[in-house]
Every structure is written in structure tokens, then in C-alpha cells.
Amino acid sequence: MPEYPEIHSRAREMKLALVTRSFTNIEVVQPRCLNLPKTRFIHELVGAKVLDVGHKGKWLMVETTKGWLLLNLGMGGELLLVTRATLPKKYRLLFDLDDGSCFAVNFWWFGYAHYVATGELDRHEMTARLGPNALPITVEDLGRMISGRRGGVKSFLIDQSNIAGIGNAYVHDILFLARLHPLRTLDTLSTEDVTRLAEAIHKGLQPSADKGGAFYEVNIHGQGGGFTGDDILIGYKEGKDCPNCGTKIEKIKTGGTSSFICPQCQKLS
DNA sequence: CGGGCTGTTGACTC
DNA sequence: AGAGTCAACAGCCC
């Protein structure tokens with residue numbers, strides 16, 4: 001599940017590998033992930049030269065001379081820099097580059113590859129309504145966003161229109177670091193809680209971003225990330241000891257998703 | 001073999 | 001506003 005640390009790392013790798021390269025040919029295996037008919041998508045981007053690669057939350061933003069290529073990997077996928085001789089078994093899109101290499105894009109069916117014309121980014125609703133990127137967020141930003149709201153803190157954090165980049169993998173450790181129960185409501189948070197939450201967002205994402213993302217995701221060269229199971233504090237560690245107090249970590253249902261908490265460190269009231 | 005679970009997002013409902 | 005459910009149908013686990 002690629003979230004901020006993985007997407008941030010992929011964007012950095014793609015920037016190094018793709019800037020100044022041109023797409024000489026594009027193959028679309030799964031047209032349903034596009035926002036345009038296949039032939040038009042290909043027409044718009046063939047011949048485009050990559051100018052820059054960045055990201056907004058979980059969306060990769062590839063800026064080219066002919067417009068934007070926007071990628072969302074959904075629940076998982078691989079972005080691989082390969083050659084025609086080393087193609088992966090599965091890919092949904094393939095971009096041949098002018099140096100003979102290929103950029104292969106694979107994801108589960110609910111990923112997206114969208115084309116947006118230069119200057120029209122604000123008309124792309126799925127990215128236009130994203131909140132600010134999670135990592136650079138400040139205590140002041142967060143306080144402003146939370147004030148006057150009443151929903152649960154977990155649903156707030158993973159709602160991309162509030163903050164972009166946090167998903168249901170990193171949110172467990174973020175809430176643990178903030179000592180907040182996922183179902184705590186925003187109107188019950190003290191100034192100290194908000195301060196700790198802002199710090200926790202940073203502490204929960206930065207180490208993984210620095211290590212190239214989680215071990216279960218691969219970079220564009222096919223190598224796993226350096227953020228290992230040992231680096232994860234409590235997420236997906238049901239039954240293990242809380243690193244803070246030793247209490248057994250619990251898995252609980254929080255609305256539509258599961259959460260991992262230390263029942264001692266993250267009390268609801 | 002098959003059912004249950006998971007992750008993302010938008011649409012939709014209450 | 002916010003919470004819940006569903007649908008888009010892959011892969012893993014038991």
C-alpha cells in the first residue's frame with residue numbers, strides 16, 4: 001500500500017531517471033485506468049519529454065512538454081525502469097523511452113493513469129481537492145484544519161482532502177506516537193494533543209521516506225525499501241508488546257477499517 | 001477450493 | 001458535516 005514515504009521516494013527516483021527522457025511509444029494494457037480513450041491518451045503523451053516529477057500525497061505528478069501524466073497506484077503496484085529484454089510479467093502501461101529503456105507501470109485494477117493538459121491541473125478534480133502534503137505540515141496548519149470539526153481523528157487523517165499522503169498503514173503508528181485513540185473526536189483534542197499529533201505525523205512518515213519506503217514495496221529498480229518490520233512500532237503487530245509500556249497490542253474495528261492500538265497508551269477517554 | 005480479508009477512491013445514502 | 005456502505009474484482013492466507 002503505497003503512502004507518502006513510498007510515493008515520495010518513487011517521485012525522487014523517477015525524477016532522476018526520467019527527466020529529459022521522451023516517450024517514444026506507449027502501450028496501454030488496461031484502458032480502464034485512464035481518464036481518456038486509449039488512443040487519445042497515447043496521442044497526447046507520445047513524444048512528450050519529461051520536465052519534472054513530484055507528488056501530491058499518493059498521486060505522482062509527471063510534468064512533460066505535452067502536459068501532465070498523473071499516476072495513483074491505489075492499493076499497490078510497481079513502477080519499474082526496465083528494458084524490452086527485462087519486462088516484468090505484468091504491467092498495465094508501458095512507456096518506451098528515447099534511450100532504449102522502458103518505464104513499466106503496474107497496479108491493482110483501481111489505480112489511475114490520467115492525462116491533463118498543461119495549465120489545466122486545477123480542472124483535475126481528484127488531485128485538485130487534495131489537502132496539503134502530510135510531511136511538511138506544521139502545528140499551526142493542523143490546528144487550523146482541526147478547529148471547529150467534530151469527526152474522528154483517524155478518519156480525519158486518512159481523508160485525502162484534509163491531508164494528502166496518510167493511509168491505513170502509517171496511520172497506526174502516527175496515532176500511537178500521538179498517544180491518541182483512533183476514535184477520539186477532533187473537538188476533544190487539547191492544544192497539546194494537536195501539537196503531539198503534528199509531531200507524530202512527521203515522526204511516523206519521515207524515517208520511512210528517508211529509507212526509501214517500506215520493505216514490502218519496491219523502488220523503480222526493483223529493490224525493496226529500507227523501512228523494515230522492526231521500524232514499525234505497533235501497526236499490524238497484534239499480540240506483540242507495546243514498545244512504550246509492554247501492554248499487548250490490539251486490533252480493533254474502527255468503522256470500515258481496522259486499527260492497531262495499545263489500549264494502555266491510547267485511551268479513548 | 002473457497003471464503004474472508006485488505007488497501008484506495010468516489011458515489012451514494014442517511 | 002460526517003459516518004457508513006458499496007462497487008470497481010487482485011492476491012494472500014488458512
Side-chain angles (χ1 to χ4, degrees), chain A residues 1-8 10 28-35 38 55-61 70-80 88-93 104-114 116 123-131 133-134 144-175 181-189 204-205 208 213-218 224-225 227 229 232 234-239 249-261 268:
Chain A
M1 318 114 248
E3 297 179 21
Y4 194 98
E6 289 76 35
I7 300 303
H8 185 74
R10 292 306 86 78
V28 177
V29 181
Q30 175 52 284
R32 292 175 72 178
C33 64
L34 308 179
N35 62 335
K38 174 177 161 176
H55 74 112
K56 279 178 90 173
K58 304 170 189 175
W59 282 84
L60 282 158
M61 319 283 286
L70 310 182
L71 297 170
N72 182 300
L73 297 184
M75 304 210 285
E78 307 86 46
L79 301 168
L80 296 168
K89 285 194 193 82
K90 280 198 164 183
Y91 56 86
R92 309 246 177 180
L93 295 113
V105 177
N106 186 41
F107 41 65
W108 295 8
W109 69 268
F110 30 76
Y112 305 99
H114 287 181
V116 177
R123 290 176 55 186
H124 185 255
E125 289 197 18
M126 291 173 81
T127 53
R129 73 165 150 238
L130 294 173
N133 270 343
R144 223 174 296 122
M145 283 188 263
I146 285 177
S147 90
R149 303 190 48 161
R150 307 191 330 258
V153 64
K154 179 181 178 182
S155 40
F156 171 83
L157 288 173
I158 62 177
D159 182 340
Q160 303 302 296
S161 64
N162 298 135
I163 300 172
I166 302 172
N168 201 43
Y170 286 92
V171 73
H172 310 300
D173 278 7
I174 289 173
L175 287 168
H181 189 285
L183 296 179
R184 270 286 292 278
T185 54
L186 298 174
D187 56 329
T188 68
L189 299 187
L205 300 175
S208 183
F215 65 94
Y216 50 78
E217 300 282 342
V218 298
F227 192 76
I232 298 170
I234 67 158
Y236 307 96
K237 295 195 168 180
E238 186 181 11
I249 294 160
E250 292 178 2
K251 179 180 182 179
I252 60 169
K253 278 282 167 198
T254 45
T257 60
S258 295
S259 294
F260 295 84
I261 60 160
L268 190 48

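Residue numbering restarts at 1 for every chain, and letters A, B, ... go by the order of the sequence lines.
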Does dC9(C) have a Watson-Crick or wobble mate here (both distances under 3.5 Å), and if so which one?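 No nucleotide pairs with dC9(C).
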W59(A) and H124(A) aromatic ring geometry - parallel, tilted or perpendicular at 30°/60° bounds: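 Ring orientation of H124(A) relative to W59(A): perpendicular.
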At 4.0 Å (heavy atoms only), tell me whether [X] reaches a base, stays on the sugar-phosphate, or touches nothing.
X	answer
T257(A)	nothing
G256(A)	nothing
K251(A)	sugar-phosphate
G167(A)	sugar-phosphate
G76(A)	nothing
E125(A)	nothing
Y236(A)	sugar-phosphate

Choose from [options] the nucleotide whose nearest atom is closest to any side-chain atom of [X].
X	options	answer
K253(A)	dT9(B), dT6(B), dA10(C)	dT6(B)
M126(A)	dT8(B), dG2(C), dT9(B)	dT9(B)
F110(A)	dG2(C), dT8(B), dG10(B)	dT8(B)

Hey, could you give me the NE2/CD1 distance between H181(A) and I261(A), rounded to the nearest 0.5 Å?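 H181(A) atom NE2 to I261(A) atom CD1 measures 4.0 Å (nearest 0.5 Å).
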Pairwise P distance for dC6(C) and dG4(B), with rounding to whole Å: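 Pairwise P distance, dC6(C) against dG4(B), rounds to 14 Å.
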Whole-Å P distance, dC5(B) and dT5(C): 13 Å
Residues R129(A) and E125(A) bridged, charged N to O under 4.0 Å: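 The answer is yes: the pair qualifies as a salt bridge.
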